[in-house]
A.B. asks: 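Can you read through this structure? Questions will come right after.
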Amino acid sequence: MSNRMTIPIGPQHPLLKEPLSFMITVEGERVVDSTLRLGYVHRGIERLCQTKTYVQNLHLFERVCGICSHVHTTTYCQGVEALLGLEVPPRGLHLRTLLCELERVHSHLLWLGVLGENIGFQTIFMYAWRDREIALDIMEELSGGRVTHSCNVIGGVRIDVGDAQFSSIVSQLNDLEQRVEKLLDVIQHERTLRVRTQGIGYLSPEKIRNYCVVGPVARASGVDVDLRRDCKYAAYGWLHVNVALAHEGDVWARTMVRAREAIESLRLCRQLLVGLPEGPTQVRAPRRVPPGEVVSRAEAPRGELLYYIRSDGSDKPARVKIRTPTLTSLITVHDQLEGVETADVSVVLSGIDLCIACADR
Amino acid sequence: MNLPRILELLQEVLPVARLEVQTMPIDEHSITLPPDNLHAAVRALLERSHVYHLSTITGQDVDGQIELLYHFWEGGGLTLRTSLPREQTSVETITDLIPGASFYEREIAEMLQVTFVGHPNLQRLLLPDDWTGGPPLRYEFTLPDDREEGE
Amino acid sequence: MTDLLDALTKLLLFPGFAFLFACAMLFAWIDRRVIARLQGRVGPPWFQPLADWIKLMAKEDILPTGTNGWVCAALPVLSLAAVLTASIYIPVGGWIAQAFEGDLIVVLFLLSLPPLAYFLGGWATGGVYSVIGGNRSLLQYFSYEVPFLMALCSPAILAGSWSIAEIAARQSETIWGVLVQPLGFILALVGLIGKLKRVPFDIPKAKSEIVAGPLTEFSGRKLALWHLSIEVKTVVGIFLLVNAFLGGSGVSGLLPAPITFAIKSLLVLLILSVASVLYARLRIDQLANLGWRVLAPLALLQITVTVWIGVA
């Protein structure tokens, strides 16, 4: 009698925050096969945006994903500004980048909590999400919203920072940095966490190249690509970004890469605030966009985010193509799950930092 | 990214008289190819240059043809552009060269009804299993809100 | 007549069902509150476990088609009955319902019935998550039970008696078991964490892997009884450990017996709660490794040392 069982992970499962369907075939406690079905959160955004104006699409693209909403609009605005030939004032670029980095911090802390919860370490979840509240408070102070900020407009940002806000935000950033460093210390020295994540979900650099994986998953296997340093979009031309790299390629390496990236992002936030140039934060943008095409890239918390926009001269885009980084990680899950124990499935799925709303659009 | 070197390389491999190169924002160069030469071009890029990272494959319905854009990146953006006639939308898959392209090809297959010859698993990726509305990104497709009464 | 009344009082009120129910709710609340405070949260109010239990009792009770309703109803009742019966032989604050030579063995046997019922509950309801949870619970049982039993035999050998009341009395007169056999106490604690399926040994009901393990398909009253049996087992397990290693309710001269007993029980509960906060969940093969390569040899060592000292 074959000992094989098919465990359905999803569409509803305590492990997943968004619906996704994995069918895992196990033999005893070992995974032998897995299949993936996406599309539960597919909202047809690429088709929908063709019927809305460029300004209306800002609100649409912000809601592709809840965790990385700001970087989606950043990439989109970047692209449309390039088509229009607009130059965003430096102050606007700095504020735009500030929110990008804060979003990266909040996303990585969220992920750390989810990883802790999924391996049964609820304490890390509670601590990480408590510290994440500070990042959300800062974003709320800046933009009025904790999760969707609606800060980007075509031509710059609609927010500004006054003196009172400035000092409050800087003190909160210092507090957050201390807490995140303490959290990093806990992670590095906690034995049960290591034991559960080391050696799981190994991806070699060749696999990363073949599957074109991006983001912390790629950097944890030693592939040194970070669009903040390599593309220098937004205000990154004025900043020096230290890219976090690791070489072990397992979930432990990804944990360390993300934790170090969070600390680096906090440092960049402070640098951006302190070096904030004077001037306006946005320029006026015309309604109609001249015909043309643009490929706009940015480094979302999960990796390379790409927007291809084609305009036909009207006030509605002719085609917007969004490629989100989670999709690249999902392709590797089948390889990562081969031969792991059933208990490690949750570790593997947590390690790639799923954002299904992004992947499905 | 060394664009002249790449153009040289492609010129050697492809039997095309002159490659059509465009510059796009942001830091992107696009090369137009006939669909039959696409596989050979990608192979040449992978084997003989530093370009290996495929960001995505975009499909769009433009000027009466189905256009595919293969976006690569290596320090700067490189897009390989090819057009397929509406009646005969099939092109060779590149998953044998770049396994990571499989999800992108599946999405284009269901959204624009393009057949990728040789793809190991051309199942639905995003659309529901019981979808009968036709390829959503094609020009003919209308959203339910935009349809006339009785359509 | 008075005998019957006396027996009924002991069974239903103190130290029987009502007392254990109240203790179970109290210990569950303290546990959740301590864990919450250690995690930087506030924690539930005192009546939360009671409110949860009452709400569960009122919920709809459904089972998948094809399962045997009688078996699924009997299993939680069996589990609860086993732990309640085990409590008869465990002295609480100086009072005891019944005691005889060898009741330690009976208690240990009765405490091994709930894991069996748990496993059967998984198989009776079918379903992938339940079956896998059931398999894991059995594997876990084999990993922690042997060290647990051996660790609890050590105080018996030391006291020269197999009656829990006798062991507790001897320890309160001479010296506490934990000071003479610290290894045994630690092993018994680890075994208890495994028995109660608390972190790091909550593998059979790993929420992020197999939803709720064997209890996935239970709901309503049956689930309420399962939860009650787990909470009462916590209480009974703690009382057992206090009697076997911490001198029971021995009169310390400073405080009356019930208060000392309460303090000792809360101390053991505190240790269990802190252990829940400090660790991640282990994998089943890691637990099996730990159980057979580390815990069992240590327990054997403990018994050997005890016998050797006793002989010498």
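Atoms considered below: every heavy atom in the structure, side chains included; atoms not considered: hydrogens, waters and symmetry mates. Note on naming: letters A, B, ... go to the chains in the order of the sequence lines (proteins, then strands), and numbering restarts at 1 for each one.
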A.B. asks: Pick one of side chain, backbone, both or neither for B:Asp61, based on which atoms fall under 4.5 Å of a heavy atom in chain A.
C.D. replies: backbone
A.B. asks: Answer yes or no: are there more than 12 heavy-atom neighbours, outside A:Asp224 itself, under 6.0 Å from its atom CG?
C.D. replies: yes
A.B. asks: Rounded to the nearest 0.5 Å, how far does SG of A:Cys212 lie from CZ of B:Phe103?
C.D. replies: 13.0 Å
A.B. asks: Can you tell me how far the OG1 atom of B:Thr56 sits from the CD atom of A:Glu304, to the nearest 0.5 Å?
C.D. replies: 9.0 Å
A.B. asks: So what's closer than 4.5 Å to chain B heavy atoms on A:Leu227: side chain, backbone, both or neither?
C.D. replies: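 Side chain only.
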A.B. asks: Taking only residues two or more places apart in sequence, or in another chain, which ones meet A:Gln12 in a side-chain contact (heavy atoms from CB on, under 4.5 Å)?
C.D. replies: none
A.B. asks: Within the distance-only criterion (no hydrogens, no angle test), does the side chain of A:Arg47 pair as donor or acceptor with the backbone N or O of B:Pro136 below 3.5 angstrom?
C.D. replies: yes
A.B. asks: Side chains of A:Arg323 and B:Ile57, heavy atoms from C-beta outward: is any pair under 4.5 Å?
C.D. replies: no
A.B. asks: Pick one of side chain, backbone, both or neither for A:Leu327, based on which atoms fall under 4.5 Å of a heavy atom in chain B.
C.D. replies: both
A.B. asks: About how many Å separate CD1 of B:Ile98 and OH of A:Tyr211, when rounded to the nearest 0.5 Å?
C.D. replies: 13.0 Å
A.B. asks: Are more than 12 heavy atoms, taken from residues, nucleotides or ligands other than B:Gln65, located less than 6.0 Å from that residue's CD atom?
C.D. replies: yes
A.B. asks: Would you tell me whether B:Ser55 and A:Arg297 have side-chain atoms, one donor and one acceptor, within less than 3.5 Å of each other?
C.D. replies: yes
A.B. asks: Which heavy atom of B:Ile26 sits nearest to which heavy atom of A:Val294, and what is that distance?
C.D. replies: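 The pair with the smallest heavy-atom distance is N-CG2, 3.8 Å.
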A.B. asks: Indicate the atoms forming the closest heavy-atom contact of A:Arg37 with B:Leu127, along with that distance.
C.D. replies: NH2-O, 2.8 Å
A.B. asks: Do you know which two heavy atoms are closest between B:Met24 and A:Val295, and how far apart they sit?
C.D. replies: CE-CG2, 3.9 Å
A.B. asks: What part of A:Val223 is in contact with chain B, defined as an atom under 4.5 angstrom from a non-hydrogen atom: side chain, backbone, both or neither?
C.D. replies: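 Looking at A:Val223, just its side chain touches chain B.
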A.B. asks: Report, by ascending residue number, the residues of residues 38-54 of chain B in heavy-atom contact with chain A at a distance under 4.5 Å; give 'none' if the set is empty.
C.D. replies: B:Tyr52, B:His53, B:Leu54
A.B. asks: If you take all heavy atoms of B:Gly100 and A:Ile331, which pair is closest and at what distance?
C.D. replies: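 For B:Gly100 versus A:Ile331, the nearest heavy atoms are O-CD1, 3.2 Å.
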A.B. asks: With a 4.5 angstrom heavy-atom cut-off, is it the side chain or the backbone of B:Pro128 that approaches chain A, or both, or neither?
C.D. replies: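 The answer is the backbone of B:Pro128.
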A.B. asks: For the CZ atom of B:Phe141 and the CD atom of A:Gln50, what is their distance to the nearest 0.5 Å?
C.D. replies: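 B:Phe141 CZ to A:Gln50 CD: 10.5 Å, rounded to 0.5 Å.
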A.B. asks: What do the steps show when you test B:Asp27 against A:Tyr233 for side-chain contact (heavy atoms from CB on, under 4.5 Å), and what is the final call?
C.D. replies: CA-CA 11 Å; B:Asp27 189 21; A:Tyr233 62 97; over 6 Å; no
A.B. asks: Under a 4.5 Å cutoff for heavy-atom pairs, which residue among B:Ser30, B:Ser102, B:Pro25 has the most contacts with chain A?
C.D. replies: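 If we count pairs closer than 4.5 Å to chain A, B:Pro25 comes out on top.
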A.B. asks: Chain A: which of B:Glu28, B:Gln22, B:Gln60 shares the most heavy-atom pairs with it under 4.5 Å?
C.D. replies: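 Result: the option with the highest number of such pairs is B:Gln60.
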A.B. asks: By a 4.5 Å heavy-atom criterion (distance strictly below it), what part of A:Val213 contacts chain B: side chain, backbone, both, or neither?
C.D. replies: backbone
A.B. asks: With a 4.5 Å limit on heavy-atom distance, are the side chains of B:Thr79 and A:Tyr308 in contact?
C.D. replies: no
A.B. asks: Less than 4.0 angstrom from a charged side-chain N to a carboxylate O is my criterion; do B:Glu107 and A:Lys321 meet it?
C.D. replies: yes
A.B. asks: Can you measure from CG (B:Leu125) to CG (A:Asp360) and round to the nearest 0.5 angstrom?
C.D. replies: 8.0 Å
A.B. asks: So for A:Glu293, is it side chain, backbone, both, or neither that comes closer than 4.5 Å to the heavy atoms of chain B?
C.D. replies: both
A.B. asks: Compare all side-chain heavy atoms of B:Trp73 with those of A:Val214 and state whether any distance is below 4.5 angstrom.
C.D. replies: no
A.B. asks: Which answer fits A:Gln78, side chain, backbone, both or neither, if we ask what part of it has an atom under 4.5 Å from a heavy atom of chain B?
C.D. replies: both
A.B. asks: Is B:Tyr139 close to chain A through its backbone or its side chain, or both, or neither, when contacts mean heavy atoms under 4.5 Å?
C.D. replies: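 Answer is neither: B:Tyr139 stays 4.5 Å or more from chain A.
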A.B. asks: For the residue pair A:Arg319 and B:Thr58, what are the closest heavy atoms and their distance?
C.D. replies: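 A:Arg319 and B:Thr58 have their closest heavy atoms at NH2-CG2, 4.1 Å.
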A.B. asks: Can you tell which part of A:Ala318 gets under 4.5 Å to a heavy atom of chain B, answering side chain, backbone, both or neither?
C.D. replies: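 No part of A:Ala318 comes within 4.5 Å of chain B.
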